[in-house]
Protein chains: 2
Amino acid sequence: MLNNKVLLKDSCFKITSTRLAILEVFNKNDKPIDANFIYKKLKEGINEVTIYRTLTSFEKSGILRKVDLRKDSVYFELNNDHHHHIVCIKCGIIEDFKENKEIEKLLDQVVEKSTKFKNIKEHSLELFGFCKVCN
Amino acid sequence: MLNNKVLLKDSCFKITSTRLAILEVFNKNDKPIDANFIYKKLKEGINEVTIYRTLTSFEKSGILRKVDLRKDSVYFELNNDHHHHIVCIKCGIIEDFKENKEIEKLLDQVVEKSTKFKNIKEHSLELFGFCKVCN
DNA sequence: TTTTTTGCAAAAGGTTTGCAACACG
DNA sequence: CGTGTTGCAAACCTTTTGCAAAAAA
């Protein structure tokens, strides 16, 4: 995909088939993804170590962001539209919900009141419960 | 501490010196704590495996709750007053902030709009940035 | 005494590191 | 061609599991 090449270039990454393949996995699967998921999708011709290294560098450059899902591995998402998740404790199903002005405003107020911080870079906000099926 | 014995009894745990020691670590250190922190504090006379097992059972029973700090190990806090954290990405310093009515109201609205969930059990809300010293 | 809890050893996952070979630009 | 990237092997770190010994009620 052309966009991914631009994305890599804009972040000063060399364009490699490995990186494009990993980005495609994110494009095609609109949900939080961990290293193992990518590995299972790409299996042939890619090394797990490379996946970990790529995820780390993509996160540092801002292409990806971490998502805290309380699982044993680290999950990432494309750092596009800002949203959060509701996660089923039992079956693991995930529903997204959008970040909104009210949430932003509340968090701004929190930071204003803070003594040790004057601005924040990111935040996690994930809900955990039983979905209607599991409940 | 007497309170901890009551706490254990109320959760139907047998009262053991190991469990009391672990609870004391939480009492004396008012911050999120991981297994290794407890191990370093108690070193003699306690096994790491026991710490993991205790943390897990304390969380299940509601004595502790998990905190998502984006570190490599799992952190816990006493499940007392509901609050969240602002974490410095560089030095790791943590500032607490209280859960409030507005936040609760916003989350209720999120769940109302949800198609797959009708109520949630818990949520994470942690802010990440550089503290005034590191910034 | 009975059931739960703990310790020990070992293994299981996930992730990281060092180094040499490779490939993008 | 030179530097950034990848693969491989090995190590690392956190956490889990099985089983026998120890302790709480």
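Here the structure is a predicted model, which is why all the values come from computation and not from measurement. By convention in this document, chain letters (A, B, ...) are assigned in the order of the sequence lines, proteins followed by strands, and residues within each chain are numbered from 1.
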Item to complete: Please work out which residues in residues 49-58 of chain A have a non-hydrogen atom less than 4.0 Å from an atom of DNA chain C and list them by number.
Response: A/Val49, A/Tyr52, A/Arg53

Practice prompt. Any chance you could measure B/Tyr75, atom OH, to B/Phe37, atom CZ, to the nearest 0.5 Å?
Written response: 9.0 Å

Worksheet item: Side-chain contact, heavy-atom cut-off 4.5 Å: A/Asn27 with A/Leu78?
Response: yes

Discussion item. Considering only residues two or more places apart or on different chains, which pairs with a residue in residues 50-60 of chain A satisfy side chain to side chain donor-acceptor pair (under 3.5 Å)?
Written reply: none

Practice prompt. Applying salt bridge (Lys or Arg N to Asp or Glu O under 4.0 Å), name anything that partners A/Glu95, two or more places apart in sequence or on another chain.
Written response: none

N/O donor-acceptor pairs under 3.5 Å from side chains in residues 8-16 of chain B, not counting sequence neighbours:
residue	atom	partner	partner atom	Å
B/Ser11	OG	B/Leu7	O	3.4
B/Thr16	OG1	B/Arg19	N	3.2

Worksheet item: Could you give all pairs that pass the salt bridge (charged side-chain N to carboxylate O under 4.0 Å, His left out) test and reach residues 72-87 of chain A, with sequence neighbours left out?
Response: A/Arg65-A/Glu77

Worksheet item: Rounded to whole angstrom units, what separation is found between the OH atom of A/Tyr75 and the C1' atom of C/dT15?
Response: 15 Å

Worksheet entry | Outermost nucleotides of DNA chain D that come under 4.0 Å of a non-hydrogen atom of chain A | D/dG2 to D/dA9

Response to the item:
Pairs under 3.5 Å (Watson-Crick or G-U), crossing ones as [ ], inter-strand ones as |: DNA chain C comes out as |||||||||||||||||||||||||

Worksheet, complete the sentence: When rounded to whole Å, the NZ to C1' distance for the pair B/Lys71 and C/dT15 reads 18 Å

Practice prompt. Round to the nearest Å and state the distance from A/Tyr39 atom OH to C/dG13 atom P.
Written response: 15 Å

Item to complete: Measure from CG on B/Asp72 to P on C/dT15 and round the result to the nearest Å.
Response: 10 Å

Dump the pairs, protein N or O against N or O of nucleotides 23-25 of chain C, anything under 3.5 Å, distances to one decimal.
residue	atom	partner	partner atom	Å
C/dC24	O3'	A/Ile15	O	3.4
C/dC24	O2	A/Lys14	NZ	3.0
C/dG25	OP1	A/Ile15	N	2.8

Discussion item. With salt bridge (charged side-chain N to carboxylate O under 4.0 Å, His left out) as the rule and sequence neighbours excluded, what pairs involving residues 117-135 of chain A come up?
Written reply: A/Glu122-B/Arg70

Item to complete: Keeping to residues at least two apart or across chains, list the salt bridge (charged side-chain N to carboxylate O under 4.0 Å, His left out) pairs with something in residues 28-43 of chain A.
Response: A/Glu24-A/Lys28

Discussion item. Under the rule for side-chain contact (heavy atoms from CB on, under 4.5 Å), what residues qualify as partners of B/Ile120, not counting sequence neighbours?
Written reply: A/Ile86, A/Leu127, B/Val111

Worksheet item: Can you name the side-chain contact (heavy atoms from CB on, under 4.5 Å) partners of A/His82, sequence neighbours left out?
Response: A/His84, A/Glu99, A/His123

